[in-house]
There are 2 protein chains.
Amino acid sequence: MGVTIKDIAKRAGVSYSTVSKALRNSPLVKEDTKKKIISIANELGYQPNVAARSLVSKKSWTVGVVWPTVERVAPSTLITKINEELEKHAYTTLVSINKIDTAIETFHRFQVDAILVFYDRDDIDIESLPQHSNIPILYYGIAGSSPFPTIDVNRKKAIQLAVNHLSELGHKDIAYIGDLAERDLFQIEKVKSFKESIQQRGIELRQDMIAQINGLESHDGYLAARSMLQKKQRPTALISASYDLTRGILRAVNEAGLNIPKDISIVSYDNIPQMQNLVVPVTIVGVELTDITKKVTEILLQMIESKEVPSAIYLEPELVVRKSSAPPKDVL
Amino acid sequence: MGVTIKDIAKRAGVSYSTVSKALRNSPLVKEDTKKKIISIANELGYQPNVAARSLVSKKSWTVGVVWPTVERVAPSTLITKINEELEKHAYTTLVSINKIDTAIETFHRFQVDAILVFYDRDDIDIESLPQHSNIPILYYGIAGSSPFPTIDVNRKKAIQLAVNHLSELGHKDIAYIGDLAERDLFQIEKVKSFKESIQQRGIELRQDMIAQINGLESHDGYLAARSMLQKKQRPTALISASYDLTRGILRAVNEAGLNIPKDISIVSYDNIPQMQNLVVPVTIVGVELTDITKKVTEILLQMIESKEVPSAIYLEPELVVRKSSAPPKDVL
DNA sequence: TTGTATGCGTTATCAG
DNA sequence: CTGATAACGCATACAA
């Protein structure tokens with residue numbers, strides 16, 4: 001059996017309520033007694049029983065993260081960072097990889113203080129979700145796609161920034177390389193935004209400027225870019241949907257003997273530091289990772305304190321211009 | 001506040017102890033009463049409070065999984081499967097992505113029934129781990145590298161099988177493609193076994209037959225294979241350390257215009273179904289995924305029932321010969 | 001400054 | 001079959 005405050009009390013020759021106070025660092029306990037109790041607790045390897053504690057205090061100091069698509073790499077960095085951030089505020093995070101409804105159920109049973117849901121597929125059965133949960137639930141995804149408050153990094157706006165940037169430089173033949181096959185809301189959102197933005201700039205939308213690929217791995221980007229570059233009317237600029245794709249694209253461009261940005265410009269989604277360290281520092285659009293984690297943590301804490309939060313929180317993406325984008329040849 | 005059995009009792013006009021029994025499907029409650037109570041519970045959206053339950057019954061029906069290296073893709077499928085398997089036995093699994101010692105601490109506070117630790121780095125501070133835990137801990141890794149009982153899929157043996165298979169076919173120039181840069185125990189173990197096995201077969205160990213690569217992505221395998229194939233004394237067989245690497249290797253071989261298995265044989269680690277669906281069905285070594293998940297679950301359940309388990313459980317890898325391996329040309 | 005008593009939601013034991 | 005009641009480990013209002 002685990003060691004309890006009663007065991008400590010016995011050893012210290014005090015009542016167990018004094019132990020409880022001492023361990024919670026209450027000012028109502030003499031320093032000497034406190035020290036003694038704490039040292040005994042450490043000696044015995046005491047771990048407070050969450051069950052008992054949260055039963056009485058109705059707080060578990062735990063945030064549940066719902067992450068049914070573990071296989072996807074993208075959110076893992078994000079989750080790691082959010083975990084670190086929450087730790088600073090004394091919260092522990094626990095992850096469930098079950099499907100969304102059972103995961104939420106589990107976290108209810110565990111009485112976590114808040115739930116963060118990651119989900120990017122379009123196959124959620126909204127009906128099956130608890131319509132009013134007594135535990136606050138925050139969604140990370142696309143505003144409006146779920147009944148919960150949602151943090152949206154505004155992929156729509158990000159792609160728009162990319163298109164506008166290239167268009168302002170004078171590009172007319174802009175291609176988009178991103179996954180179309182997956183039933184992935186984030187990818188769908190980005191392609192949609194590409195089409196809209198192109199038309200808003202008064203550029204004719206050519207279907208062959210949208211790559212047909214089936215994955216988000218580096219190699220998928222490579223293949224897509226290669227076939228793009230072989231076209232008779234080759235694009236003068238490429239927009240990539242992710243870091244991994246960009247790496248592949250860079251390889252294809254290199255193999256084709258083209259110069260970036262002289263022969264072709266590249267703008268990539270994903271605002272992460274690694275983008276600077278590629279063969280050519282790449283122009284990027286997106287919300288900075290630390291901005292996301294900070295915001296997510298902030299909102300979660302607000303929800304826990306039962307403050308009102310808006311139903312949609314948009315994070316503003318930025319455009320960071322680097323060496324990979326420049327005016328096209330004919331404009332120079 | 002959440003709804004409790006007392007709320008249900010009030011609505012049903014019975015005592016809350018009757019409700020408790022009814023919900024646990026006790027035979028001591030009349031069917032009618034039971035039905036009524038259950039329907040009220042559903043109506044109210046009742047969720048049993050794990051805190052209270054595990055406080056009295058000393059069982060949380062939960063297994064904690066320690067997985068500090070979320071960014072690594074490899075274990076994710078495994079964890080998903082283990083989760084499914086445990087579900088069949090009424091257990092919930094919760095994942096912690098914290099570092100190993102704090103994760104174990106957390107799970108202690110949550111009083112989970114067992115802890116499964118995934119860790120493949122060599123930088124664990126064994127001293128910092130609880131030396132005797134009242135909660136059973138199972139390690140997934142390399143036997144002997146931790147103080148806990150360990151499930152070991154015997155990578156050593158697997159690579160040996162690969163080497164022997166190729167050697168028996170008549171190959172002498174066998175190269176190994178796997179990551180050497182990472183401080184990853186699994187990779188280290190495999191390279192080590194390659195060297196030993198080669199020598200055991202009386203083949204001279206050439207250092208240039210071990211690829212120097214820095215990652216486990218498909219593209220890393222591609223690059224490594226390409227440079228291998230350009231050597232003056234080209235290997236007649238390649239052993240790959242993982243599925244992803246193999247995909248890259250296949251591409252490189254194809255580009256070089258070589259035929260598998262006529263010009264070169266391929267044997268890959270990772271016993272997963274996808275291996276059959278590559279351009280050439282690939283000969284593989286390793287323990288089948290389902291064998292691993294079944295075994296892990298079995299051992300976990302045994303530990304929970306406080307049965308003794310051996311300190312090292314080796315899972316026997318198998319060799320599945322497919323189209324990608326054949327005798328070298330000179331032997332034909 | 002310390003100790004006593006109560007209750008959190010549930011299960012389990014015992015009496016009705 | 002059903003209903004009191006004790007106990008699980010802890011925090012806290014209150015008493016000493």
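Within every chain, numbering begins at 1; the chains are lettered A, B, ... in the order of the sequence lines, protein sequences first and strands thereafter. For clarity, every value in this text was computed on a predicted model and none was experimentally measured.
Sequence order on DNA chain D of the closest nucleotides to A/N49 and B/G13 puts B/G13 first from the 5' end. Each of A/L23 and A/L28 was assigned the nucleotide of DNA chain D with the nearest heavy atom; the assignment lying further toward the 5' end belongs to A/L23. Nearest-nucleotide assignment on DNA chain C puts the 5′-proximal partner with A/S15, out of A/L55 and A/S15.
Regarding A/R24, its CZ atom lies at a distance of 10 Å from the C1' atom of D/dC10, rounded to whole Å. Atom CD in A/Q47 sits about 11 Å away from atom P in D/dC10, given to the nearest Å. Regarding B/I5, its CD1 atom lies at a distance of 13 Å from the P atom of D/dG3, rounded to whole Å. As a whole-Å value, the separation of A/Q111 CD from D/dA11 P is 16 Å. Rounded to an integer number of Å, the gap from B/I8 CD1 to C/dT11 P is 11 Å. Residue A/K6 contributes atom NZ, which lies 12 Å from atom P of C/dT4 at whole-angstrom precision. For the pair A/K10 NZ and C/dT2 C1', the interatomic distance rounds to 19 Å; values are reported in whole Å. Atom-to-atom, CD1 of B/I37 to P of C/dT10 comes out at 13 Å; the value is rounded to the nearest Å.
Among the heavy atoms of the strands lying under 4.0 Å from A/T33 are primed sugar atoms or P, OP1, OP2 only; no base atom is included. B/K21 comes within contact range of at least one nucleobase, with a heavy-atom separation under 4.0 Å. Note on A/V56: a base of the nucleic acid sits closer than 4.0 angstrom, heavy atoms only.
Residue-to-nucleotide contacts include no donor-acceptor pair under 3.5 Å from the side chain of B/K58 to the base of D/dG9. At a cut-off of 3.5 angstrom, the base of D/dA11 holds no donor-acceptor pair with the side chain of A/S57.
Taking NZ of B/K36 as the start and CD1 of B/I8 as the end, the distance is 12.5 Å to the nearest 0.5 Å.
When the shell of 6.0 Å around NZ of B/K10 is examined, it contains 12 or fewer heavy atoms from other residues, nucleotides or ligands.
Ring geometry, B/F118 versus B/Y140: the interplanar angle falls from 30° to 60°, so the pair is classed tilted. Relative orientation of the A/W67 and B/W67 rings is parallel, given thresholds of 30° and 60° on the angle between their planes.
Regarding contacts with the backbone of C/dT11, a side-chain N or O of B/R53 is found under 4.0 angstrom from either OP1 or OP2. Between B/Y16 and the phosphate of C/dA12, there is no side-chain N or O to OP1/OP2 separation shorter than 4.0 Å. For the OP1/OP2 pair of D/dA11 and a distance below 4.0 Å, the side-chain nitrogens and oxygens of A/S20 include at least one atom meeting the criterion.
Counting heavy atoms from C-beta on, the side chains of A/L315 and A/E288 never come closer than 4.5 Å.
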